[in-house]
Structure formats: C-alpha cells, structure tokens
Amino acid sequence: MHTIIEPFRIKSVEPIRFTTREERETALQGAGNNVFLLHADDVLIDLLTDSGTGAMSAAQWGALMQGDESYAGSRSYYRFESVVRDLTGFRHIIPTHQGRAAERILFHNILRPGDLVINNTHFDTTRANIEVEDAEARDLVIEEGKIPGFIHPFKGNMDLVALEKTLAQEGDRVRLVMVTVTNNSGGGQPVSLENLRSVREIAHRHGKPFFIDACRFAENAYFIKMRESGQRHRTPKEIAQEMFSLADGCTMSAKKDGLANMGGFLALNDDAWAEACRNLLILTEGFPTYGGLAGYDLEAIAQGLVEVVEESYLHYRIHSTAYLANKLDEAGIPTVKPPGGHAVYIDARTMLPHVPPLEYPGIALVNAMYLEAGIRAVEIGTVMFGTHPDGTETPAAMDLVRLAIPRRLYTQSHIDYVAEALIEVARGKSALRGWKITRAPKALRHFTAQFQPVA
Ligand SMILES: Cc1ncc(COP(=O)(O)O)c(C=O)c1O
C-alpha cells in the first residue's frame with residue numbers, strides 16, 4: 001500500500017474555533033501584528049511550533065497516573081533516568097523544565113566571557129544563552145545547508161573543514177563543539193552518522209568536548225536509516241544510541257521527540273560539570289530528581305521516549321511532513337528542499353522578492369496566512385536572527401517561514417486545508433507588503449516585537 005495513514009486511532013477530541021476574516025483582522029491588530037501575541041483560541045490550525053504541542057498516547061496518559069510526586073528520589077525519576085540512560089548511555093541525567101533550562105545550566109557553568117561555542121546552527125535560545133554569558137555562538141553548517149532549494153541528504157551537516165580551521169586558529173577560545181539534530185534553524189535538516197563521527201574525532205583531537213542538541217534525535221535517526229548507506233537494516237533506536245555514544249553530553253527539549261507537553265534534560269559524562277550543573281539546578285529549577293518537573297511529567301517523557309523511536313510512528317511522521325511539502329512544491333511555492341522532519345519551511349525571500357529582507361518577507365507571509373485562513377506559522381529569518389550584540393541589524397542568511405507540524409495532532413484533511421490556504425495566499429502574493437518594527441526587546445525580539453505595515 002502507498003497511502004501513509006496515521007498509525008493511531010483517535011480516542012479524545014478537542015474542538016477548534018472557526019473565525020471570520022474580520023475577526024482575524026481585529027485579533028491580529030490587537031496582537032501588534034505579531035502572531036505570537038494572539039490568543040490561541042483565535043487560531044484555527046496552529047503550526048507555530050512542534051514544541052510541547054503534540055498529542056500524548058493513551059499509554060502516556062496512563063503513565064501520568066503513575067507519577068510519584070515525592071520531592072526527592074521519586075520512583076518516576078528513576079524510571080525516567082533508566083529510559084534516558086538506555087537511549088543515551090550518559091552517566092549523569094539531570095531533568096529540567098525544558099530545553100533552554102538545560103542550556104542555561106550548562107552554559108552558565110562552563111562559559112567565560114570571550115569563549116566560543118561552535119554548532120551547525122544554534123537555535124535561538126541556545127544562541128541567547130551563550131551570548132548572555134558574553135561568549136560567541138558560531139554557526140558552521142555546510143554551504144549546501146544555506147541554499148534553500150539545494151537537494152542534499154544531510155543539509156544539517158557540520159562543515160568539517162571550517163571546524164578544523166576554527167579549532168586550529170581559535171582553539172583557545174573554543175569551549176564546546178555542538179551539533180543540533182535535526183538542524184531546526186537550518187530547515188529541520190538531518191546530520192549524518194558519518195558527519196557526527198567526524199565532528200567527534202576533530203573535537204576530541206583538539207581536546208574539546210562534543211555535545212548534541214538532541215531535541216529531534218529520533219527524526220534524525222530515521223533520516224539516517226533512510227538516507228545513509230549501510231543503515232537500512234538498523235532500528236531507529238540503535239541508530240539513536242550510536243549518535244549519543246559519539247557525544248560527551250546532550251541538551252534535550254522533551255517537548256519535541258520526548259512526545260511530552262513539558263520537560264527536558266541535560267545529560268553528560270563529566271563528573272565535575274555534572275556536579276556544578278546540579279548545584280545550579282537546585283538554585284533555579286529544583287531538586288536533581290525532579291528539576292522543575294512534576295513526577296507525572298517524568299512518567300510522560302519516559303513513555304514518550306519509548307514510543308518516539310517506533311518505526312511505524314517515524315515512518316508516518318517523516319512522510320506526512322513531506323506530504324505537505326510536496327503539495328506546496330507542486331503549486332510552485334518555494335520550500336527548503338528536501339523537506340525537514342518536523343516542519344516545512346517556505347522560502348519567503350524567494351516567494352516575495354519585492355519585499356526587502358529588512359522589511360521582513362517572513363512576517364508578510366505569516367500575517368497573510370493568518371488573515372487568509374486562521375493558520376499560525378512562524379518567521380525564521382531576519383526578525384529572529386537579524387540583530388547583533390552591538391545593536392546593529394542585517395538580513396539573516398535566509399528568510400524562512402516554518403510550518404511546524406505538531407506530533408500526532410492534525411489529520412491529513414487539516415494538512416490539505418493548510419496547502420489550499422497557502423496556494424490562495426501565493427495567488428495574491430504581489431499585493432503583500434513589508435512590515436516595520438515599532439517596539440521590540442533587546443533579546444529574542446521575535447516573541448514580543450510589534451509591527452506596522454510599511455507605508
Ligand atoms: C534545536 C532546539 N534547541 C533548543 C530548543 C529549546 O527547547 P525549549 O523550547 O524546550 O526550551 C529548541 C526549541 O524549539 C530547539 O528546536
């Protein structure tokens with residue numbers, strides 16, 4: 001059979017609210033023309049993020065009832081620890097309330113002003129947590145990964161020549177080498193096992209620890225299985241285990257491939273770093289056996305990490321994302337190719353060449369999609385990445401709009417509706433205009449900036 005079906009039945013449903021165009025115009029204006037500031041009830045199909053927005057399984061809901069809420073040493077922590085250790089092999093497993101808390105605890109302990117962290121592409125919170133320590137976050141993804149329409153099986157790969165050169169020239173400053181799997185800010189593109197092995201070898205030869213930002217490790221493992229030679233016979237879990245075995249630690253947001261609505265962890269082998277991180281954890285998150293999570297959250301994550309590496313789930317996940325990308329492709333809407341694991345990325349800069357990058361073509365497209373059909377997406381471009389620590393602004397490498405697909409949440413007809421709406425927006429694209437920012441905070445401005453149309 002060729003039809004890809006959802007590998008689950010639906011046991012419980014949640015209504016979504018239909019609005020008129022006039023209601024959406026009022027709602028968007030009231031939100032300062034920033035879809036982050038909308039009430040979620042005014043959104044029909046929410047593709048803002050795949051983070052914490054998925055549907056849990058019956059087994060996860062059942063696991064919630066097993067939650068042990070003991071302050072210290074809870075049974076739920078030990079179940080969580082054993083699942084994470086089985087998967088990652090790391091010695092120390094530190095729960096956190098989400099991915100950025102793991103980043104903050106790690107970076108605050110290990111970075112000094114002037115240090116350098118290398119990554120294929122830092123996610124925005126990762127970059128912000130490095131820069132807040134007055135350290136530098138440098139992206140060294142391969143050149144192919146920066147060209148939206150270029151087809152390459154592993155566009156998330158690290159540029160090994162650039163990594164080697166940076167370590168040779170600025171090795172004193174480099175505190176950590178990281179790889180983000182899949183590469184969210186670069187289009188949800190995977191990293192090959194071969195590349196991970198080489199990054200490890202180069203980092204270790206220069207005496208640098210190597211960490212994985214593991215938010216979407218299972219989707220990355222499935223891409224490796226499908227695309228890397230010699231990997232077809234392995235299970236996604238075996239591949240994931242090898243990925244983790246190459247690293248000295250990882251940061252993880254369990255809101256993605258943990259299939260949970262909240263949670264994360266920091267896992268690592270170094271005893272001294274782990275002790276320092278646990279001490280900071282107690283200060284800001286909680287005791288090391290709960291780290292800001294309820295016992296029931298730890299249960300949901302433990303069960304989610306078991307389900308996420310199931311082949312039938314990953315097959316459906318990766319193919320249903322590609323289904324939307326293929327529909328847009330057939331309609332001539334430019335997307336990042338090949339499609340990523342958790343999202344389809346529209347190349348807004350190419351789609352709207354008449355909107356200059358500093359007038360935010362991504363925002364023009366995001367706002368048009370909301371007004372057209374009540375769909376919420378997110379700009380990943382100049383608003384998110386265009387500012388620098390010295391206060392200047394330049395165009396980001398790409399102006400993308402991400403349609404993130406929550407896990408197990410929407411059916412194929414929801415996705416058909418999204419494609420139809422986008423095709424309608426594309427028909428009227430020449431009328432779309434740029435936007436200017438009227439108010440914005442210094443860091444992570446995309447969350448709360450307010451916009452006005454360019455006159
Ligand atoms: C690659 C990557 N790293 C880190 C994070 C931060 O995780 P959280 O949102 O749980 O803080 C995200 C969240 O989207 C991410 O995609």
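The structure displayed is predicted, hence computed values, not measured ones. Values below: every heavy atom of this structure, side chains too, minus hydrogens, waters and symmetry copies. All ligand and atom numbering here is 1-based and tracks the order in the structure.
- Those atoms of ligand 1 that come under 4.0 Å of a heavy atom in Thr180, given as number and element, are 1 (C).
- With a heavy-atom cut-off of 4.0 Å, Lys255 touches ligand 1 through its side chain alone.
- The residues Arg216 and Asp50 are annotated as salt-bridged, a charged nitrogen and a carboxylate oxygen being separated by less than 4.0 angstrom.
- We find the CG-CD1 distance between Leu163 and Ile142 to be 13.5 Å, quoted to the nearest 0.5 Å.
- The protein heavy-atom contact nearest to atom 10 (O) of ligand 1 is Ser253 OG, 2.6 Å.
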Could you go step by step and tell me if Val199 and Leu160 meet the side-chain contact (heavy atoms from CB on, under 4.5 Å) rule?
-> CA-CA 7 Å; Val199 172; Leu160 300 173; 3.8 Å; yes

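- Classification of Asp271 and Arg91 as a salt-bridged pair holds, one side-chain N sitting under 4.0 Å from a carboxylate O.
- For atom 5 (C) of ligand 1, the closest heavy atom belonging to the protein is Phe123 CD2, 3.4 Å.
- For Cys215, the heavy-atom gap to ligand 1 drops under 4.0 angstrom.
- Atom 9 (O) of ligand 1 has Arg100 NH2, 2.9 Å as its closest protein atom, hydrogens excluded (heavy atom only).
- Taken to the nearest 0.5 Å, the OG1 atom of Thr321 stands 9.0 Å off from the CZ atom of Arg407.
- For ligand 1, the atoms lying closer than 4.0 Å to a non-hydrogen atom of Arg216 are 1 (C), 15 (C), 16 (O).
- Under the 4.0 Å criterion applied to side-chain N and carboxylate O atoms, Glu311 and Arg317 are not assigned as salt-bridge partners.
- Between His342 and Tyr345, the ring planes are perpendicular. Angles over 60° get that label, and only those under 30° would be called parallel.
- Nearest protein neighbour of atom 6 (C) of ligand 1, counting heavy atoms only, is Thr125 OG1, 3.5 Å.
- Near Gly99, the atoms of ligand 1 lying under 4.0 angstrom from a non-hydrogen atom of the residue are 7 (O), 8 (P), 10 (O), 11 (O).
- Looking from atom 14 (O) of ligand 1 to the surrounding protein, the closest heavy atom is Lys256 NZ, 2.8 Å.
- When the options Gln98, His122, His97, Arg104 are ranked by their closest heavy atom to atom 8 (P) of ligand 1, first place goes to Gln98.
- For ligand 1, the atoms closer than 4.0 angstrom to any heavy atom of Asp213 are 1 (C), 2 (C), 3 (N), 4 (C).
- A salt bridge is defined here as a Lys NZ or Arg NE, NH1 or NH2 lying under 4.0 Å from an Asp or Glu carboxylate O, and Arg278 with Glu275 fails to meet this definition.
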What do the steps show when you test Thr350 against Asp347 for side-chain hydrogen bond (donor to acceptor under 3.5 Å, both in side chains), and what is the final call?
-> CA-CA 6 Å; Thr350 301; Asp347 180 358; 2.5 Å; yes

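- Applying the 4.0 Å criterion to heavy atoms of Glu103 picks out, from ligand 1, the atoms 3 (N), 4 (C).
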